Peer 1: 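Here it is, the structure in full.
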Amino acid sequence: MVASSGNALVSFQGTTVDRATAELVADPKVAGVMLYRSLNIESASQTRSLVDELVQTAGRTLLVAVDQEGGQLLGAGSDTTPFAGNMALGAVGDPLLTQRVAVAIGRELRALGINVDLAPVADVASRPYNPSMGIRSFGEDAEAVATMTAAFVNGLQSEGVAATLKHFPGKGEAAIDPHHGLPVLDLDLERLERVEFAPFRAGIAAGARLVMVGHYGLPAVTGDRDLPTSVSPETLGGVIRENLGFSGLIITDALDMGGFGGRPPDAPLAAGADLLLYGPAQAGMVSSTPSRVNQRLDDLVRWIATFPDPDLSIVGSEEHQELAMEVARRSITLVRDDVGTLPIHLESDKRILAVMPRPLDLTPADTSSLQEPSLAESIRDIHPATSELIVEFDPGVGQIARSVEEARNHDLVIIGTLDATAGQAQLVDAMLATGIPTVVVAMRTPYDLARFHQAPTY
């Protein structure tokens with residue numbers, strides 16, 4: 001089959017190929033498809049059948065992309081191995097482990113028929129409470145993020161899945177989520193080169209096949225606070241192509257995001273982008289702009305074709321589950337234990353209360369709400385006399401009081417936080433005030449301790 005010379009990665013609704021989807025992928029302006037967990041994916045076997053049907057219907061090789069970052073964004077479905085996210089890998093600090101994880105992700109995606117991963121996130125977590133970052137970054141040190149980014153690229157592409165560095169120019173300092181509006185990055189060029197650009201430069205040197213440009217105001221480069229980088233020739237041509245020396249495909253972030261501002265879908269093409277990513281709100285849409293011959297796309301498709309697809313049995317395999325557990329164990333970090341609570345040694349009749357908020361999606365780039373609360377279940381494997389208490393994501397005064405009353409019937413409290421809200425912080429403070437031995441566990445970002453400085457074991 002021959003490659004498409006189109007410029008769109010389209011989205012569609014459905015887990016099979018209906019007539020509308022068949023007409024969509026037959027359009028010569030379409031280079032491939034973006035699969036979304038919420039729209040297209042039910043199981044590993046269904047996903048593989050869907051991809052095969054899409055390619056057969058199109059009559060040519062398609063780029064098939066997904067967001068499989070690990071951690072809070074597992075876009076390829078629940079049958080895939082749930083590897084911890086970049087921040088866990090950053091906590092371990094082992095590039096070889098990061099590469100091994102990326103190899104496993106690549107194998108699973110190729111088994112599903114997916115050949116482009118919109119990963120790794122190369123953003124530096126320089127702003128702890130960034131609303132759209134979460135645990136998607138490898139950390140706050142630009143040099144360490146650069147090292148891990150390169151390792152992830154090498155691992156993923158060794159299995160024939162094209163890596164996508166995102167979200168250029170780096171979303172670490174974004175004060176708002178670009179899904180909802182245009183963040184302005186008020187950073188000078190020296191800072192951008194030293195921090196934001198460093199991981200992208202490392203990923204490009206490692207051979208990343210794609211760079212995703214996000215929707216950010218970058219006045220130091222564009223001279224215009226209101227102009228998204230995704231439609232800026234100075235960003236795409238001047239920085240990504242000339243400064244960073246990138247010769248692969250430049251893809252936009254989703255065009256249905258608020259940061260894009262409803263501009264014409266083909267505006268990024270005029271600025272120098274190669275591929276337009278249509279988001280889930282644009283299912284079934286494609287720009288009327290004629291496709292252009294794209295040698296970079298043809299080169300990518302030829303590269304993809306040189307790799308075999310593994311058997312579907314590799315998806316969620318025991319080998320990969322063991323690797324995920326290794327990451328989980330090695331990433332756990334003891335920040336503080338001033339009173340010697342750990343390791344825990346309790347007699348079998350002593351009772352533990354495990355408390356955590358119900359998981360909640362914090363951004364559109366999130367699959368947290370699909371996860372069941374599991375803190376108590378994990379603790380019961382070691383100490384069966386463990387009770388579970390699930391509270392609201394931002395518990396109120398009444399629920400906090402009831403939780404404290406419940407804790408008084410126990411000998412130890414283990415309380416998890418998820419991006420500690422005001423209510424979660426008040427609950428932790430109330431538990432500590434009881435005098436019952438309490439262990440606080442950050443179950444998402446490591447920055448929660450700033451909300452309750454007095455926690456003796458964290």
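Note that the structure is predicted; figures quoted are calculated from it, not measured. Here, residue 1 is the first one in the sequence, and each next residue gets the next number.
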Peer 1: Report the residues that fulfil side chain to side chain donor-acceptor pair (under 3.5 Å) with N86, sequence neighbours left out, ordered by chain and then residue number.
Peer 2: none

Peer 1: Between the side chain of R107 and the main-chain N/O of E159, is any donor-acceptor distance below 3.5 Å?
Peer 2: no

Peer 1: Evaluate the side-chain contact (heavy atoms from CB on, under 4.5 Å) criterion for residues I415 and L353: first the C-alpha distance (whole Å), next the side-chain angles of each, then the deciding distance (0.1 Å), finally the verdict.
Peer 2: CA-CA 8 Å; I415 181 168; L353 178 63; over 6 Å; no

Peer 1: Return the set of residues passing salt bridge (Lys or Arg N to Asp or Glu O under 4.0 Å) with D419 (not counting sequence neighbours), or none when no residue passes.
Peer 2: R444

Peer 1: Using side-chain heavy atoms (C-beta onward) and a distance below 4.5 Å, is T80 in contact with L112?
Peer 2: yes

Peer 1: Can you confirm whether L192 sits close enough to L218 that some side-chain heavy atom of one is under 4.5 Å from a side-chain heavy atom of the other?
Peer 2: yes

Peer 1: Does the side chain of D266 come under 3.5 Å of the side chain of S287 through a donor N or O and an acceptor N or O?
Peer 2: no

Peer 1: Among all residues two or more places apart in sequence or in another chain, which pass the side chain to side chain contact (heavy atoms under 4.5 Å, CB included) test with T15?
Peer 2: E42, Q46

Peer 1: Any luck finding a side-chain donor-acceptor pair between T457 and T341 under 3.5 Å?
Peer 2: yes

Peer 1: Which of parallel (below 30°), tilted (30 to 60°) and perpendicular (above 60°) describes F83 and H320?
Peer 2: tilted

Peer 1: State whether D67 and K166 are salt-bridged, where the test is any N-O pair (Lys NZ or Arg NE/NH1/NH2 against Asp/Glu carboxylate O) under 4.0 Å.
Peer 2: yes

Peer 1: For residues 210-222, which residue pairs pass the side-chain hydrogen bond (donor to acceptor under 3.5 Å, both in side chains) check, not counting sequence neighbours?
Peer 2: H215-S230

Peer 1: Under 4.5 Å between any side-chain heavy atoms of M443 and T417, yes or no?
Peer 2: no

Peer 1: Any chance you could lay out the side-chain contact (heavy atoms from CB on, under 4.5 Å) test for V221 and L189, step after step, and finish with the verdict?
Peer 2: CA-CA 8 Å; V221 171; L189 290 174; 3.9 Å; yes

Peer 1: Side-chain donor-acceptor contacts of residues 373-382 below 3.5 Å, not counting sequence neighbours, with atom names and distances?
Peer 2:
residue: S378; atom: OG; partner: S374; partner atom: O; Å: 3.0
residue: R380; atom: NE; partner: T386; partner atom: O; Å: 2.9
residue: R380; atom: NH2; partner: T386; partner atom: O; Å: 3.4

Peer 1: Pairs in or reaching into residues 392-404: which pass salt bridge (charged side-chain N to carboxylate O under 4.0 Å, His left out), with residues at least two apart or in two chains?
Peer 2: none

Peer 1: Name all residues meeting the ring-ring contact (aromatic ring centres under 6.0 Å, His included) criterion together with F200; count only those two or more places apart in sequence or in a different chain, and write none if there are none.
Peer 2: F168

Peer 1: At what distance, to the nearest 0.5 angstrom, does CZ of R48 lie from CZ of R110?
Peer 2: 8.5 Å

Peer 1: Taking Y458 for its side chain and F452 for its backbone only, find out whether a donor-acceptor pair lies under 3.5 Å.
Peer 2: no

Peer 1: Any pair with a residue in residues 426-435 that passes side-chain hydrogen bond (donor to acceptor under 3.5 Å, both in side chains), sequence neighbours left out, goes on the list, sorted by first then second residue, please.
Peer 2: D429-Q454

Peer 1: Nearest 0.5 Å, what's the CG-CG distance between L73 and L118?
Peer 2: 9.0 Å

Peer 1: Does anything in residues 194-204 form a side-chain hydrogen bond (donor to acceptor under 3.5 Å, both in side chains)? List the pairs, not counting sequence neighbours.
Peer 2: E190-R194, R191-E196, E193-R201, R201-N243

Peer 1: Set out, in order, the CA-CA distance, both residues' side-chain angles and the distance that settles side-chain contact (heavy atoms from CB on, under 4.5 Å) for L35 and V64, then state yes or no.
Peer 2: CA-CA 7 Å; L35 300 183; V64 182; 3.9 Å; yes

Peer 1: Looking only at atom types and distance, does a side-chain atom of Q424 sit under 3.5 Å from a main-chain N or O of L418, one as donor and one as acceptor?
Peer 2: yes

Peer 1: Just to verify, what does E406 make a salt bridge (Lys or Arg N to Asp or Glu O under 4.0 Å) with, not counting sequence neighbours?
Peer 2: none

Peer 1: Do S403 and M431 have side chains that get closer than 4.5 Å, going by heavy atoms?
Peer 2: yes

Peer 1: Evaluate the side chain to side chain donor-acceptor pair (under 3.5 Å) criterion for residues T16 and D18: first the C-alpha distance (whole Å), next the side-chain angles of each, then the deciding distance (0.1 Å), finally the verdict.
Peer 2: CA-CA 6 Å; T16 59; D18 59 16; over 6 Å; no

Peer 1: Is any side-chain heavy atom of L182 closer than 4.5 Å to one of P228?
Peer 2: yes

Peer 1: Using 0.5 Å steps for rounding, measure from the OG1 atom of T164 to the CG atom of D117.
Peer 2: 7.0 Å

Peer 1: Determine whether I105 and E108 make a side-chain contact, defined as any pair of heavy atoms from C-beta on separated by less than 4.5 Å.
Peer 2: no

Peer 1: Could you walk me through whether T147 and F138 satisfy the side-chain contact (heavy atoms from CB on, under 4.5 Å) test, starting with their C-alpha distance in whole Å, then the side-chain angles of each, then the deciding distance to 0.1 Å, before giving a yes or no?
Peer 2: CA-CA 10 Å; T147 299; F138 288 110; over 6 Å; no

Peer 1: Is there a donor-acceptor contact under 3.5 Å from the side chain of Q13 to the main chain of A283?
Peer 2: no

Peer 1: Does E234 have any side chain to side chain donor-acceptor pair (under 3.5 Å) partners at least two apart in sequence or in another chain, and if so, which?
Peer 2: S232

Peer 1: Do F246 and L165 touch side chain to side chain, with heavy atoms closer than 4.5 Å?
Peer 2: no

Peer 1: CD1 of I344 to CG of L412: how many Å apart, nearest 0.5 Å?
Peer 2: 5.0 Å

Peer 1: What's the separation between atom OG1 in T149 and atom CG in N154, rounded to the nearest 0.5 Å?
Peer 2: 11.0 Å

Peer 1: Measuring from D123:CG to M133:CE, what's the distance to the nearest 0.5 Å?
Peer 2: 4.5 Å

Peer 1: Check side chain to side chain donor-acceptor pair (under 3.5 Å) between R225 and all other residues, then give those that pass, not counting sequence neighbours.
Peer 2: D186

Peer 1: Could you tell me whether a side-chain N or O of H179 sits under 3.5 Å from a main-chain N or O of S132, the two making a donor and an acceptor?
Peer 2: no

Peer 1: Quick one: are E69 and P120 in side-chain contact, heavy atoms under 4.5 Å?
Peer 2: no

